[in-house]
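Residue numbering restarts at 1 for every chain, and letters A, B, ... go by the order of the sequence lines. Everything numeric here is computed off the predicted structure, so don't read it as measured data.
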Amino acid sequence: MINFNEIEEKWEKKWKEDKLYKFNPESKKEKLYCLEMFSYPSGAKLHMGHWYNYGVTDTWARFKKMDGYNVFHPMGFDAFGLPAENYAIKTGIHPAISTDKNIETMEKQLSRIGGSWDWDYEIKTCKEDYYKWTQWMFLKLYEKGLAYKKEAPVNFCPSCNTVLANEQVISGNCERCGSTVIRKNMSQWFFKITDYAEELLNDLDKLDWPDRTKNLQRNWIGKSVGAYVDFKVDGTDEKFTVFTTRCDTLFGATYCVLAPELPLVDKITTSLQKEEVNKYKEQASKQSDIERTSTTKEKTGVFTGAYAINPVNNKKIPIWISDYVLATYGTGAIMAVPAHDERDYEFAKKFNLEIIPVLEGGDLSKEAFVGDGLHINSDFLNGLNKEDALNKMNAYLEEKGFGKKTTTYKLRDWLVSRQRYWGAPIPIIYCEDCGVVPVPEKDLPVKLPMDVEFAPDGESPLKKCDSFMNCTCPKCGKKAKREADTLDTFVCSSWYYLRYPDAHNDKEPFNKDLINKILPVDKYVGGIEHACMHLLYARFFTKALRDMGYLNFDEPFLSLVHQGTILGPDGEKMSKSKGNTVAPDPLVEKYGADVLRGYLMFGFNYIDGGPWTDDGIISINKFYHKIERLTNAIKESDERITEIDKVLHNSLKSIREDIEKFQFNTSMARIMEYTNILSKYEQSGIPRYYIEKLLLILAPFAPHIAEELWQSIGNKYSIHNESYPIYEEKYLIEEEKKIAVQVNGKVRATITINVNDSEDVVKEKALVQENVKKFTEGKEIVKIIVIKGKIVNIVVK
RNA sequence: GCCUGAGUGGCGAAAUUGGUAGACGCACAGGACUUAAAAUCCUGGGAGGUUCACCCCUCGUGUCGGUUCAAGUCCGACCUUAGGCACCA
């Protein structure tokens, strides 16, 4: 019996030496870019998730290569980021050193998977030759007005001591460490992803992505169509704009509410109310986001003393402030229609504000009526339904200049600066005379200094590094200071797929012609947790670069697959604290990489994942050893066996279809069916032809074992340069077929039909069945449905 | 509350998209080989009923209805569960 583990290392070495997986960009074959999300080089060993993602996707890539595609399949590391820095703070080991070491370990471990990556295209985002171009990206976005700095209330993680993007705040907590995020006013760099909100939303329709993921993005972008309506502040020149999705209820607006942070609040607050307003403002600013947005919290608010004029009826309505209105959404101001909005109703009830119904229906003494109803108390809208009223009001507002139709999004601009060390420095210089000056392209990269004190204290560690901070202004030559913040690592990963095909280009981030040939990525595989982060950011980058003329495609990832999660044997998510982790390494040592890959493919629905079982992996070990035995039963003979041919070609057809769908469990099942039929002939010997087919079929699934056995039957190295077997239709045609005969939808018999049987013959065959007769006798046959080659259903009364 | 998925044997799962539910495998049971075990091979199997046995019958894909000659698949309502969003105006 072969020791799988031993032969695997032998072949991996040889494949590497021979550069078996060398990508040839000049190839005339159709290109296919297969990409797994690259990983962070942590100190820990590869976990089951890595194997599940990389091992299984590799089978797909190998299949495509054997099937005639010019497969581009690179690998690299997302090497900047907090863990290395935190590790450094703890141990004193510099992130550059620990990261390099981790990468080296991971490279070794990855090669043990037996992946068909071409390592000549490897990327490490923390290296100068990469982050130089990350900085270049920043400059290009800056040039285009898509990168800007502004003072704004931002999410700050007190534990990581840095700001976070909205996407990195998971229900009020830091995505990385789980600490409660607080709000801080800080001057920060943003990317204007909101400029692309509409396109990011619309282009989802073009993508072969899971619906789940598309919905997450749609939800996150949060488009909502409504109108801006301008309100004048009574007795002043001030005015403000509210956003509403129901401008048709404008006649029911009985008060307005401003977010407490709005600058306008101070301008309009009457002296009588000043004290109360200030007190409320202070209170509100102290609250965390979770406290503030809790739906269970009772409404609070304060009257400003000022009144607004409702433009449609010139009614004076009071202006309040309340924290239930968010400064960051819409305009930070609303018109309140308490009769038809639950929140406004609650607020109005508490503070005794007027409630005017403008829609028919409901019982306002109990609650707000939020359903649909015909308009009342609404002048020219009376009697209209929602749709008509909206149209009419929109037209009216526009005509009178009171407001206009508009669209808002929940998506906010992407905050990219971080007050941490281990990241790409932002290529910006501050000059007293010239202001904000971008670093000229020729001066890139702005090197990350190595000798830095990086204990985080809420300010960038780079700030304390004089040799870094002090520079001369590129414009006027005077002394100047550098930007001390670094870029979020999500910026690095937003364009890495563009760098791979041209990873060693030192003149530009990529050659335009080359990447337009190899991109977009045809198959992208990774976890769903990146749905509203990496996957959204990368789409934004692609679109922005397209608009700058660098790319001729709109979307980076045409087809996306998420692997599921392999859970611990207890059905819980694997975690060290629960002690339910299953490490790949010991299993690889015991059974080999192919067996582990095989079980990961066979034992789960790839997209669902599921709990690990040891029994499962044993069964694949048995299966591969069975293939080994069958290979030993090889017989030099040209004999063809019809029974085997049928199974072979049927299996081949299914295997192809299933691999296409990332259904490796069923494709493995078909291989098993084929081996089952072969094993019937084990004693008498199996003709070479069938053994070769078996190994070729197996090659993408168990690349090492297939290579070894291929050689053992005297074939030429390497099996991975062979073509994947193709099925022939003629073997799929069944001359005879067993089909079911139903009476009133219940199966009562099966009959064997011939392909050439006419419908009448089939009916005849069905009706003469004993058991069919039993159920039809004495009854009237209403009709007989014959579905060709599938079923007969006799309807009786 | 809103938006997505998911729910099928003891277990992992499959089902040509409306056409014999449970492919393939695990575990299990019986048998063969063996002094014995391991390994391997063969047979069996959704539940219940009937039968010496084969046949056959009833029920069966979370629940309740509906459409259809025919429903795991389509429609409606609901339950459970996972994930996302949530005072978004």
**OP:** Look at the side-chain N and O atoms of A:Tyr329 and state whether any lies under 4.0 Å from the OP1 or OP2 oxygen of B:A89.
**Re:** yes

Original post:
Across the strands shown, which category fits A:Glu673 at heavy-atom distances under 4.0 angstrom: base, sugar-phosphate, nothing?
Top reply: sugar-phosphate

Original post:
Which is true for A:Arg629 with a 4.0 Å heavy-atom rule: it touches a base, it touches only sugar-phosphate, or it touches nothing?
Top reply: sugar-phosphate

Original post:
For B:A14, does OP1 or OP2 lie under 4.0 Å from any side-chain N or O of A:Asn605?
Top reply: yes

**OP:** Give A:Gln663 one of three labels, base, sugar-phosphate or nothing, depending on what nucleic acid heavy atoms sit under 4.0 Å from its own.
**Re:** sugar-phosphate

Original post:
Quick one: is B:C85 close enough that its OP1 or OP2 comes under 4.0 Å of any side-chain N or O from A:Lys223?
Top reply: no

Subject >> Parallel, tilted or perpendicular: rings of A:Tyr606 and A:Tyr52 (30°, 60°) >> reply: tilted

**OP:** Look at the rings of A:Phe664 and A:Phe662 and say which category their plane angle falls in: under 30° parallel, 30 to 60° tilted, over 60° perpendicular.
**Re:** perpendicular

Original post:
Would you say A:Asn771 reaches B:C57's phosphate, i.e. side-chain N/O to OP1/OP2 under 4.0 Å?
Top reply: yes

Original post:
Paired with B:A6 by Watson-Crick or G-U wobble geometry, both distances under 3.5 Å: which nucleotide is it?
Top reply: B:U80

**OP:** Could you give the distance separating B:G31 and B:A37 at their P atoms, to the nearest angstrom?
**Re:** 12 Å

Original post:
A:Asn665 near the nucleic acid: base, sugar-phosphate alone, or nothing, with a heavy-atom cut-off under 4.0 Å?
Top reply: sugar-phosphate

**OP:** State the syn/anti category of B:U17 according to its glycosidic angle, syn meaning within 90° of 0.
**Re:** syn

Original post:
Under 4.0 angstrom, heavy atoms only, what part of the nucleic acid is A:Gly603 near: base, sugar-phosphate, or nothing?
Top reply: sugar-phosphate

Original post:
Is A:Leu216 touching bases, backbone alone, or none of the nucleic acid, heavy atoms closer than 4.0 Å?
Top reply: sugar-phosphate

**OP:** Would you indicate what A:Lys738 reaches in the nucleic acid, counting non-hydrogen atoms under 4.0 angstrom: base, sugar-phosphate, or nothing?
**Re:** base

Original post:
According to the interplanar angle, ranging from 0 to 90°, do the rings of A:Trp320 and A:Phe303 count as parallel (below 30°), tilted (30 to 60°) or perpendicular (above 60°)?
Top reply: tilted

